[in-house]
Amino acid sequence: QVQLVESGGGLVQAGGSLRLSCAASGIIFSTYTMAWFRQAPGKEREFVAAIWSDGSTYYTDSVKGRFTISRDNAKNTVYLQMNSLKPEDTAVYYCAADTAPRTPRTPREYDYWGQGTQVTVSS
């Protein structure tokens, strides 16, 4: 049984920081590409960041310089450090995993998803 469990969401003021965590089980974590997506009410699920098994990373333009994705293979955990948060970052944030996504920005490439964690940024 594959499980991805997100944690670390909450309510913060604009300019603040949060660190999200996603703990994985049921997969050989070190071989998987891990990603974060987010979805605001009434909007499509949006790619945020991805990290490959070799440690390379990729970010959507709106979070570059503010968010950092990282992984700890010994803990089977991927993180998203979010700094300088803006109200437009408000969304449910989802962790996703796949062996080799061809188009990492596309949700359908990912086989496994977490339940999501709410991030709310007040102005």
Just by distance, do the side chain of Gln39 and the backbone of Glu44 share a donor-acceptor pair under 3.5 Å? no
Could you give the side-chain donor-acceptor pairs of residues 22-35 under 3.5 Å, partners two or more places apart or in another chain?
unit_1, atom_1, unit_2, atom_2, d
Thr31, OG1, Ile28, O, 2.8

Does the Arg19 side chain pair with the main chain of Met82, one donor and one acceptor, at a distance under 3.5 Å? no
Hydrogens and angles aside, do Asp72 and Thr77 bring a side-chain donor and acceptor to less than 3.5 Å of each other? no
Show, in sequence, the C-alpha distance, side-chain angles and deciding distance for Ser21 and Glu6, and conclude whether the side-chain contact (heavy atoms from CB on, under 4.5 Å) test is met. CA-CA 6 Å; Ser21 299; Glu6 301 99 332; over 6 Å; no
Would you confirm whether the ring centroid of Phe67 sits within less than 6.0 angstrom of the ring centroid of Trp36? no
To the nearest 0.5 Å, tell me how far Leu80 CG sits from Thr117 OG1. 11.0 Å
Stacked cation flag Arg45 on Trp113, 6.0 angstrom / 45 deg: yes
Can you tell if the side chain of Gln81 reaches within under 4.5 Å of the side chain of Ser70, non-hydrogen atoms only? no
Approximate separation, where rounding is to 0.5 Å, of Glu88 CD and Ser62 OG: 8.5 Å
Calculate, to the nearest 0.5 Å, the distance between atoms OH and OG1 belonging to Tyr59 and Thr68 respectively. 4.5 Å
Take Asn73 and Arg71 through the test side-chain contact (heavy atoms from CB on, under 4.5 Å) and record every step on the way to the result. CA-CA 6 Å; Asn73 289 341; Arg71 65 193 297 158; 3.0 Å; yes
Leu18 and Leu85 have their tightest heavy-atom pair at N-CD1, 3.9 Å
Can you get from Val78 to Tyr112 by hopping between Ile, Leu, Val, Met, Phe, Trp and Tyr side chains that sit under 4.5 Å apart? yes
If I take atom CD from residue Gln3 and atom CD from residue Gln115, how far apart are they, to the nearest 0.5 angstrom? 9.5 Å
Work out which heavy atom in Ala14 is nearest to a heavy atom in Ser123; give both atom names and the distance. CB-CA, 4.5 Å
Would you list the atom pairs, donor with acceptor, under 3.5 Å between side chains in residues 91-110 and any protein atom, with sequence neighbours excluded?
unit_1, atom_1, unit_2, atom_2, d
Tyr93, OH, Arg38, NH1, 2.9
Tyr93, OH, Asp89, O, 2.7
Asp98, OD1, Asp111, N, 3.3
Asp98, OD2, Ala100, N, 3.3
Thr103, OG1, Thr106, OG1, 3.2
Arg105, NH1, Tyr58, OH, 3.0
Arg105, NH2, Thr60, OG1, 2.9
Glu109, OE1, Arg102, N, 3.1
Tyr110, OH, Pro104, O, 2.9

Under 4.5 Å between side-chain heavy atoms, counting indirect links through other Ile/Leu/Val/Met/Phe/Trp/Tyr residues: same cluster for Phe37 and Val119 or not? no
Is there a path of hydrophobic side-chain contacts, each under 4.5 Å between heavy atoms of I, L, V, M, F, W or Y residues, that connects Phe47 with Ile51? no
More than 12 heavy atoms from other groups under 6.0 Å of NZ on Lys43: no
